[in-house]
Amino acid sequence: MAGSVPIARSLKDIYTEDALNAQAQRWSKLLAKFETTYGHAPEFVSRSPGRVNIIGEHIDYSLYSVLPMAITADALLAVSVSPVKTTSAQADSYKIQIANVQEAKFPTREFDVPYDAVDIDATVHEWTNYFKSGLRGALELLRKKHGHDFRPKSMQILMDGTVPAGGGLSSSAAFVSASALAVMAANGEREVDKTALTELAIVSERAVGVNSGGMDQSASVFSERGSALFVSFTPSLKARPVYFPETSPELTFLIAQSFVTADKFVTGPIHYNLRVVECSLAAAYLNAVLNPPGARLPADAAPLGVSLYGFHETYVALAEHNNPNSARRSIPAQLEELIALTTSTLTKEGYTREEIAAVLEITVGELDQQFTSRFPVRAERFKLRQRALHVFGEALRVIKFMELLEDPAYLAQGSRGSDTSIYNAQLGALLNETQDSCRQAYECSCEEIDAICTIARAAGSYGSRLTGAGWGGCSVHLVPADKVAAVRKALQDEYYSKLDLTEDQKEAAVVVSRPGSGSALYLVE
Ligand code: NG1
Ligand code: MG
């Protein structure tokens, strides 16, 4: 699925049939508002969608494979390029003018950006930071290609985003990917390589203060209409489409909001960034105990620099030093072995900095320097065992889910029109196990999401779980088509009716999403 980001000529190239009408209206409004704002039409629109993760939660930053799919909701950036200013005052900068269709929430900004650096203040919560992080990443790529003296163009931008922020559908990755793509296109690149765009969006998003993995940006850039996306990160980033089998009853993915906003920017130090650190510490701890002395992992072992120490590298080191047979084991067998080793090695409920530093044979100061300086975290104890067990268990569930989806017996029964409920239910059971593990071992669910899952399952969902980072946000449900109405009604009666929701929120609370397409550039003729 490598290749360049597609250039769309019509909205039919971008959206599924059921979404076309509403999207066409939204696009006309965006183009018209661009004209009234800037006095001329935009040259192009860059587009990147949000995603829902089907299975594989909180394992992308440990470099295990995940299965997300793109949704219809997206970030659109309408853009025109202004001639470079040459007055002496502006000779060493270019200008970015950026506005949003939701002006009240996202105020208009104007920046003179010096040629040599894009400053991002990750300590303030500012919507345009996401644009700037895409800008910074794209410029690095352009400079690699054109040399250090490359002069970026000034840009006029109007944004329209429909992925709810803090809702677990990855508005941030959609915005950063669309921004990076817009900057590439504004600077003359019309053939933007998908892998390069994804990698730069992953690294860029960290400038906003979240030590994220690579699932969201991959899903946003690579997805193809009608299919989910199997993303693997090692030995290098790869994505392939995965088609859901014909089943009877037909399967749908229902996405339900909890309306609990989980803002990683605010809660990173006790939630998301802390989990990344806990995984990294768990890998380093296992390495220190299980591998022979001196078998130090390379710093920043993971590709894309996701974490300082990755579980995968720990395992490879383990295999090389202790048990040459391990290296030849299948991934599921490796994961089973890691689960057993974790259970026997990490026996405490939580570990203090002092305890971990002693095992790593470093000082507490060195530990903080290596693990918690770039993205600060707040914790007295690090729950290494629970986090590691979630990661290995979840990585195994992704493999089992894929095996089921591609099971010839399932495919044969589905295409014959025979009842596939037994298989459907097995897929659902894996989703339910993910939810249990997220709730108990990874502690990234919340009461509201737990309640939504219980209600949906009782009304006929095969499997229900949180999707995305958690601590609020969205849930995803595998529901037979003939039970969608019942699940909707149960959620309305038992959950949403108790909240004070606006009409728009009521409308957006539950959607049945078809797998949508990924990033695109639309040239305005
Ligand atoms: P959300 O919070 O849904 O955007 C985050 C991370 C992913 C992944 C999931 C958990 C970012 C951009 N994304 O998703 O990489 O780790 O949590 O599986 O931070
Ligand atoms: Mg996000």
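For ligands, and for the atoms within them, numbers begin at 1 and follow the listed sequence.
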Looking at ligand 1, would Ala173 count as a contact under a 4.0 Å heavy-atom criterion? no
Numbered in order shown, the ligand 1 atoms found under 4.0 Å of a heavy atom of Ser170 are 4 (O)
Relative to Phe375, does Arg206 satisfy both conditions: NZ or CZ under 6.0 angstrom from the six-membered ring centre, and within 45 degrees of the ring's axis? no
Does Thr502 have any side-chain contact (heavy atoms from CB on, under 4.5 Å) partners at least two apart in sequence or in another chain, and if so, which? Asp504, Gln505
Side-chain (Asn211) to main-chain (Asn273) donor-acceptor, under 3.5 angstrom: no
Student check: side-chain heavy atoms of Tyr522 and Leu76 closer than 4.5 Å: no
Going by side-chain hydrogen bond (donor to acceptor under 3.5 Å, both in side chains), name the residues that satisfy it together with Lys144, two or more places apart in sequence or in a different chain. none
Judged by heavy atoms only, the candidate from Tyr442, Trp471, Tyr272 nearest atom 16 (O) of ligand 1 is Tyr272
Ligand-residue contact atoms, ligand 1 with Gly168, heavy atoms, under 4.0 Å: 3 (O)
Determine, for Arg397 against Glu394, whether the closest basic-nitrogen to carboxylate-oxygen distance falls under 4.0 angstrom. yes
Yes or no: does Arg51 have any heavy atom under 4.0 Å from an atom of ligand 1? yes
Which atoms of ligand 1 sit under 4.0 Å from any heavy atom of Asp60? 7 (C), 8 (C), 15 (O), 16 (O)
Does an N or O anywhere in Tyr61 fall below 3.5 Å from an N or O of ligand 1? no
Look at atom 4 (O) of ligand 1 and find which of Asp216, Val210, Val176, Leu466 reaches it with the closest heavy atom. Asp216
Looking only at side-chain N and O atoms, does Ser464 offer a donor or acceptor that is under 3.5 Å from a partner on Gln435? no
Within a distance under 4.0 Å of any heavy atom of Glu205, pick out the atoms of ligand 1 and give their elements. 12 (C)
Any idea which atoms of ligand 1 are less than 4.0 Å away from a heavy-atom of Met215? 8 (C), 9 (C), 18 (O)
Only heavy atoms of Glu57, strictly under 4.0 Å: list the atoms of ligand 1 that pass. 10 (C), 18 (O)
